[in-house]
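Naming: A, B, ... by sequence-line order, numbering from 1 per chain. Note that the structure is predicted; figures quoted are calculated from it, not measured.
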There are 2 protein chains.
Amino acid sequence: MDNPKYRKRANLRDVAKLANVSVATVSRVLNSPDSVAEKTKAVVNAAITELRFVPSAAARAINSGRSRVVGALVPTLDHAIFARYLAALEQKLSEYRLSLVVATTNGDASVEALKAQTLVDIGAEGLIVSGITHEPELFELIERCQLPAVATSYFDPDFLLPTIGYDNAGAGRIALEYLLSLGHSAIAVVHGSLTSNDRTLARLEGLEGHDTARMSFFEADLSIEDGCEAANKILSLEDRPTAILCLSDVLATGVLYELKRQEVAVPDDISVIGIDDLPGSAHTFPALTTVHLPVVRMGHATATAISEWIENGKRPSERLFETDLVIRESTRARTGI
Amino acid sequence: MDNPKYRKRANLRDVAKLANVSVATVSRVLNSPDSVAEKTKAVVNAAITELRFVPSAAARAINSGRSRVVGALVPTLDHAIFARYLAALEQKLSEYRLSLVVATTNGDASVEALKAQTLVDIGAEGLIVSGITHEPELFELIERCQLPAVATSYFDPDFLLPTIGYDNAGAGRIALEYLLSLGHSAIAVVHGSLTSNDRTLARLEGLEGHDTARMSFFEADLSIEDGCEAANKILSLEDRPTAILCLSDVLATGVLYELKRQEVAVPDDISVIGIDDLPGSAHTFPALTTVHLPVVRMGHATATAISEWIENGKRPSERLFETDLVIRESTRARTGI
DNA sequence: ACAAGCTATGTAACTAGTTACATATGGCGG
DNA sequence: CCGCCATATGTAACTAGTTACATAGCTTGT
């Protein structure tokens, strides 16, 4: 049992003992090797190798007060818009030598609060959340821990946390106004779930103010299948709309698919517009007109903001990214009266 | 300066002092509250609240020897197959109360080795890598830290690390044999980059053993655009193939798009088959025949395996998941001779 | 009434590093 | 040849928790 092979992991003291130096010297070999004599360094490194010494991350963290980890809470990873956002976020964070812990919430605010606690428990130095609708527990946690936290995918200068995002209402409005400018007035709107999805809610709000008398609304889960289903319902409407506004490209993809399946011509018979501008959206049939959400730039900006906050204590100011209309083949001016 | 408001974060000792109890009691209130008298608990909790005390994750980790973090190294997040895999992984890991740190490598083995070191530096207790091609540094790191590590998206019972994945060569073979069974022999193969992508390599290997005289190969980046481009090249071939085998659905999506754009009938003129079975693949035109990769089950199994390894020291055995052919609309028996 | 036993709490030694400060050694200038 | 200074190293006190063990105080049984 005393066989060193079976002993637990070696620590600094073990290395120091074997190398016949003090713990300080070993620590120096690790952190400021230039201040150690070559000969000593060699002896210490030999001991390190022999004992297979690996410094404990926790012990280092306790001294530096740093974990170099930030947590992101997103509804899901299994959706291109979040995956792309997190990809950009991770890439930039790693430039700041920060690691990204991803926690998914399924859009459930209480799961979010729970997972936020988990992130604090592992020592996350910063938090990134999606949207502005959260449980009070989340805010209490952030306040109690004095945790740098930003809300993304949403813009609201008055929000408790700095928001780094785009104008969801504006994106909805841009899509609607484009359809209106093409002469459409009978418009079906297909949107995602309204429970705890403030982005969808905001996009819907963006549609207000215009004459909604000729608009009908269809709720669907964010999947191609549910987009198909929504299209199906729309097609069976007595008063068939001339345009379909989807608040998410995934839904638009399903809608386009179903319209094609039922041989409804897009954009001749019905125009379709989305919001997101996913990688695949340029390659649907017909290519989808949509509102581009700049998630990559948002990811980079979020990484920079949270990093500066953590390193320099500089709370970032909110940041608004423009969304822009990408006109492709799925929309056209309404013909006839 | 002595104003407590400006003092640094409170620690256990501060709480103990304020509550007039010992540090042990405060620790007990936190970890085994039942063993503390109600009255004491109340006093301690009041002190905790007053001082806004939040226990240090690092200090806990140093004692428990646990960080409850595992790291995953993937080529990219911005691809549905990895995003879906990580989604499944994260979901299951969180059931085991483990958090997931994601690091992307861009398919670069030296970036991977570097980021693996970062993961160790933040105290990751386990590592999940993609495929079996890695820098020696990565293996040394794993060996030196005695780190539980599994390789996924690949199956090889003889590999140094336990592999939890599917048979890439088999997936390629299944796709090819299906095309052959339909009477196709002039087949164009569109594949991703061969540099440091052993999955692609293995899929290609799966095509060997059959008569490759009538097969032509096209390398493309894993994007719809590059799939389009590849299709373009294939269509300009003198001896146009009757089937296109794409080693990834993303490429197949691009190929289908370009074929449609150029008004080549699928599957009448050309059959197209993919590998992956992405969410969107059932909704292309025509719906894509493909080989389903069970990434969700693989994610769950990986989470369970790494968790057991970490908790109980039980090195998992390798695990093979079946891939299966999903026949949809993009393939058909070759007509004429 | 007193010992036994249980509950609640405290003391101090751990976990594994970093680092301020003290000290030893050696080279070089005066 | 001595003192000064720089370089290299050591000592011990930190970081912030957990926990084994000791003990105080109260209840209960005989």
- Message: Side chain of A:Val23, heavy atoms from C-beta onward: which of C:dT19, D:dT18, C:dG10 has the nearest atom to it?
- Response: C:dT19
- Taking CG from B:Asn20 and P from C:dT9, how many angstroms apart are they, rounded to a whole number? 13 Å
- Relative to each other, are the rings of A:Phe159 and A:His134 parallel, tilted or perpendicular (30° and 60° limits)? tilted
- How long is the line joining CG of B:Asp121 and C1' of C:dG17, in whole Å? 14 Å
- Query: Under 4.0 Å between a side-chain N or O of A:Asn63 and OP1 or OP2 of D:dC14?
  - Reply: no
- For A:Asn31 and C:dT19, what is the distance between atoms CG and P respectively, to the nearest whole Å? 7 Å
- Task: Ignoring hydrogens and angles, tell me if any N or O in the side chain of A:Arg68 forms a donor-acceptor pair with the backbone of A:Arg97 under 3.5 Å.
- Result: yes
- Message: Please determine whether a side-chain nitrogen of the Lys or Arg among A:Glu112 and A:Lys115 lies less than 4.0 Å from a carboxylate oxygen of the Asp or Glu.
- Response: no
- Query: Between A:Asn312 (side chain) and A:Lys314 (backbone), is there a donor-acceptor pair under 3.5 Å?
  - Reply: no
- Item | A:Ala24, nearest nucleotide to its side chain (from C:dT19, D:dA16, D:dA8) | C:dT19
- To the nearest angstrom, the CD1-C1' distance between B:Ile62 and C:dC14 comes to 11 Å
- Note on the structure: A:Asp34 atom CG is separated from D:dT9 atom P, nearest whole Å, by 13 Å
- Item | Selected nucleotide, minimal atom distance to B:Ser56 side chain, candidates C:dT11, D:dA16, D:dG10 | D:dA16
- Note on the structure: Of the listed C:dG17, C:dT9, D:dT11, the closest approach to the B:Val36 side chain comes from C:dT9
- Note on the structure: Which of C:dA8, C:dT11, C:dG17 is nearest the side chain of A:Asn11? It is C:dG17
- At under 4.0 Å between heavy atoms, what does A:Val44 touch on the DNA or RNA strands: base, sugar-phosphate, or nothing? nothing
- Is any side-chain nitrogen or oxygen of A:Thr25 closer than 4.0 Å to OP1 or OP2 of D:dT9? no
- Between C:dT9, D:dG17, D:dA8, spot the one nearest the side chain of B:Arg28, thanks. C:dT9
- Where the side chain of B:Ser27 is defined as all heavy atoms beyond and including C-beta, which of C:dT18, C:dG10, D:dT18 is the nearest nucleotide? D:dT18
- Query: Does a donor on one side chain sit under 3.5 Å from an acceptor on the other, for A:Tyr85 and A:Ser130?
  - Reply: no
- Task: Mind calculating the distance between NZ (A:Lys39) and P (C:dT25) to the nearest angstrom?
- Result: 14 Å
- Query: Are A:Arg13 and C:dG17 close enough that a side-chain N or O sits under 4.0 Å from OP1 or OP2?
  - Reply: no
- Whole-Å gap separating P (C:dT18) and CZ (A:Arg66): 15 Å
- Task: Could you tell me whether the phosphate oxygens of C:dA8, OP1 or OP2, come under 4.0 Å of any side-chain nitrogen or oxygen in B:Ser35?
- Result: no
- Query: With a 4.0 Å cut-off on heavy atoms, is B:Val26 in touch with a base, just the backbone sugar-phosphate, or nothing at all?
  - Reply: nothing
- B:Asn11 side chain vs B:Arg13 backbone, donor-acceptor pair below 3.5 Å: yes
- Closest-nucleotide 5' rank along DNA chain C - winner of B:Lys41 and A:Arg60: B:Lys41
- Message: What is the distance, to the nearest angstrom, from the CG atom on A:Leu51 to the P atom on C:dG17?
- Response: 12 Å
